[in-house]
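Per chain, numbering begins at 1; letters A, B, ... match sequence-line order.
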Number of protein chains: 2
Amino acid sequence: MATVAFDTHDHASCISTALSRAEAHCDQNGLKLTPARRRVLEILLHEHRAVGAYDILEVLRQDGLAAQPPVAYRALDFLVKHGFAHKIERLSAFVACAHPGEKHVPAFLICETCDHVAEATVEVAPKSLCDTAKAIGFEINRTVLEATGLCAKCAPAKS
Amino acid sequence: MATVAFDTHDHASCISTALSRAEAHCDQNGLKLTPARRRVLEILLHEHRAVGAYDILEVLRQDGLAAQPPVAYRALDFLVKHGFAHKIERLSAFVACAHPGEKHVPAFLICETCDHVAEATVEVAPKSLCDTAKAIGFEINRTVLEATGLCAKCAPAKS
DNA sequence: TACATAAGCGCTACATCATAACACCCATAC
DNA sequence: GTATGGGTGTTATGATGTAGCGCTTATGTA
Ligand SMILES: [Zn+2]
Ligand SMILES: [Zn+2]
Ligand SMILES: [Zn+2]
Ligand SMILES: [Zn+2]
């Protein structure tokens with residue numbers, strides 16, 4: 001279950017399961033999965049891919065919902081803050097978390113051609129990084145790993 | 001914009017050494033370290049922290065040099081492409097490479113308060129990431145690790 | 001009930017980051 | 001010479017992200 005993005009799978013149930021789990025987690029922790037937040041999560045889940053904030057706005061607009069930038073950014077902030085999504089810094093885009101609820105160092109395999117994103121699990125930050133941090137008195141809060149390259153679909157097309 | 005250079009090293013020679021090495025590397029590889037590129041590298045070396053493209057432009061402007069955005073971005077593209085600098089995606093900013101010429105996975109410890117950046121060495125991408133990549137046929141080109149937190153100077157102020 | 005407080009939302013306006021595209025210069029190569 | 005290609009200077013524009021205001025709604029308190 002390390003990754004889902006490049007596999008074939010039952011995507012409809014993959015989405016509904018993730019939504020249910022998010023709802024449950026919010027209920028249990030006094031968080032509000034408002035319609036806007038829920039819809040943005042749904043959009044992210046629909047693609048297993050990095051989606052830009054303005055792409056999300058485009059979808060919301062088609063739904064007839066409010067679609068000014070802060071709408072998307074506020075929902076995304078909520079989702080990222082509570083672990084339902086991650087920001088892919090290299091793409092200035094967002095992706096639904098593949099391991100919500102589990103403590104993990106997010107690690108992404110980002111296809112340079114099609115922007116598909118696979119999320120791998122890395123249990124802890126590499127030792128050499130932690131050693132350096134300790135040596136200089138740096139206190140790590142959050143670690144992200146981003147690898148770029150070519151996915152199985154796109155690699156052949158490049159050769 | 002205080003200069004937060006390390007107190008613990010000879011920063012002037014740290015800069016000039018890095019510049020000399022960059023010059024030598026360019027000579028040996030048929031690359032042109034033009035005045036603009038050299039000056040931008042110098043600016044990055046001067047701070048041991050992430051510097052935004054528009055901050056660099058501001059310095060160039062004070063030097064009386066051309067200072068439209070493409071000037072900075074083109075120089076930065078060159079420096080990043082040839083390993084003299086890295087882009088810190090989380091900050092949309094740039095930092096001189098601390099290990100030029102050595103093959104390495106760049107790994108950064110980024111202070112959330114003062115933007116100070118320490119570059120650690122990670123020899124290879126974590127095994128679990130490589131395993132996932134192999135399992136799904138993903139071909140990794142480039143891996144970057146960004147850890148955010150508080151540096152030794154800023155951690156006490158937060159507690 | 002009445003009221004205070006806080007969170008969320010809709011919106012305008014703006015700030016920040018990055019690139020497209022074109023004209024010009026100049027070195028090297030045929 | 002003159003074609004080619006890299007680097008530069010410039011204008012204009014695109015893409016990404018935020019501050020802040022007024023409004024509504026949920027929730028706690030008396
Ligand atoms: Zn799915
Ligand atoms: Zn791909
Ligand atoms: Zn130094
Ligand atoms: Zn700091």
Side-chain angles (χ1 to χ4, degrees), chain A residues 22-23 26-27 29-41 43-44 49-82 84-95 110 112 115 146, chain B residues 1 22-23 26-27 29-41 43-44 49-82 84-95 110 112 115 146 148:
Chain A
E23 271 167 6
C26 286
D27 281 354
N29 294 84
L31 304 173
K32 293 184 204 168
L33 192 63
T34 64
R37 291 167 177 176
R38 192 191 146 95
R39 183 71 184 109
V40 171
L41 177 55
I43 292 166
L44 291 181
R49 213 179 72 173
V51 184
Y54 282 74
D55 294 333
I56 289 169
L57 281 176
E58 190 52 44
V59 177
L60 293 179
R61 198 162 284 141
Q62 285 165 18
D63 290 358
L65 299 178
Q68 288 68 34
V71 172
Y73 283 104
R74 288 197 284 230
L76 288 166
D77 284 348
F78 172 88
L79 295 174
V80 169
K81 181 175 179 185
H82 296 104
F84 303 120
H86 297 290
K87 178 169 186 184
I88 309 293
E89 302 287 350
R90 260 195 72 87
L91 301 175
S92 295
F94 302 82
V95 70
I110 307 162
E112 286 164 354
D115 283 7
E146 298 186 0
Chain B
M1 274 285 255
E23 271 167 4
C26 286
D27 281 354
N29 294 83
L31 304 174
K32 293 184 202 169
L33 191 63
T34 63
R37 292 168 176 176
R38 193 193 146 93
R39 183 71 185 107
V40 171
L41 176 56
I43 292 165
L44 290 181
R49 59 179 216 174
V51 184
Y54 280 70
D55 294 334
I56 290 169
L57 281 175
E58 189 53 43
V59 178
L60 293 178
R61 198 162 284 143
Q62 286 165 17
D63 290 358
L65 299 177
Q68 288 68 34
V71 172
Y73 283 104
R74 287 198 285 231
L76 288 167
D77 284 348
F78 173 87
L79 295 174
V80 168
K81 181 174 178 185
H82 296 103
F84 303 120
H86 297 291
K87 179 170 186 184
I88 309 292
E89 302 286 352
R90 262 194 70 87
L91 301 175
S92 295
F94 302 83
V95 69
I110 306 161
E112 286 164 355
D115 284 5
E146 299 187 359
T148 53

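- Between the NE2 atom of B/H82 and the P atom of D/dG6 there is a distance of 12 Å, rounded to whole Å.
- With contacts defined as side-chain heavy-atom distances shorter than 4.5 Å, the pair A/L76/A/L44 qualifies.
- The phosphate of D/dG17 (OP1 or OP2) has a side-chain N or O of A/S92 nearer than 4.0 angstrom.
- One interatomic measurement links the two molecules: CZ of B/R61 to P of D/dG9, which rounds to 13 Å at whole-angstrom precision.
- Counting to the nearest Å, the C1' atom of D/dA15 and the CD atom of B/E89 are 15 Å from each other.
- One can place CZ of A/R90 at 14 Å from P of D/dT16, the figure rounded to the nearest angstrom.
- Going from atom CD1 of A/I56 over to atom P of D/dA15 covers 16 Å, rounded to whole Å.
- Side-chain N/O atoms of A/Y54 and base N/O atoms of D/dG17 include a donor-acceptor pair closer than 3.5 Å.
- For the pair A/D55/A/I43, no side-chain contact is recorded, criterion being any heavy-atom separation below 4.5 Å from C-beta on.
- Counting heavy atoms from C-beta outward, B/K32 and B/R37 have side chains that approach closer than 4.5 Å.
- The nucleotide range of DNA chain C contacted by chain B, defined by atoms under 4.0 angstrom from heavy atoms of the protein and reported 5' to 3', is C/dC17 to C/dA21.
- Separating the CZ atom in A/R61 from the CD atom in A/Q68 is a distance of 7.5 Å, to the nearest 0.5 Å.
- B/V71 is not listed as a side-chain neighbour of B/V40, based on a closest heavy-atom distance of 4.5 Å or more.
- In this structure, A/V59 and A/R39 have side chains that are in contact, with non-hydrogen atoms separated by less than 4.5 Å.
- Between the C1' atom of D/dG17 and the CG atom of A/L91 lies a distance of 16 Å, rounded to the nearest Å.
- Considering CD of B/E89 and CD1 of B/I110, their distance stands at 10.0 Å, rounded to 0.5 Å.
- Of all the heavy atoms in B/F84 and B/L41, the pair that sits closest is O-CD1, 3.9 Å.
- The distance from the NZ atom of B/K87 to the CG atom of B/L79 is 14.0 Å, given to the nearest 0.5 Å.
- DNA chain D is contacted by A/P69, A/P70, A/Y73, A/R74 of residues 65-75 of chain A, taking any non-hydrogen atom closer than 4.0 Å.
- With DNA chain C read from its 5' end, the first of the two nearest nucleotides for B/K32 and B/A93 is the one closest to B/A93.
- Taking side-chain N and O atoms only, A/K87 has no distance below 4.0 Å to OP1 or OP2 of D/dT16.
- Across the protein-nucleic acid pair, A/E58 atom CD and D/dT16 atom P stand 13 Å apart, rounded to whole Å.
- The separation between B/L79 atom CG and D/dG7 atom C1' is 14 Å, rounded to whole Å.
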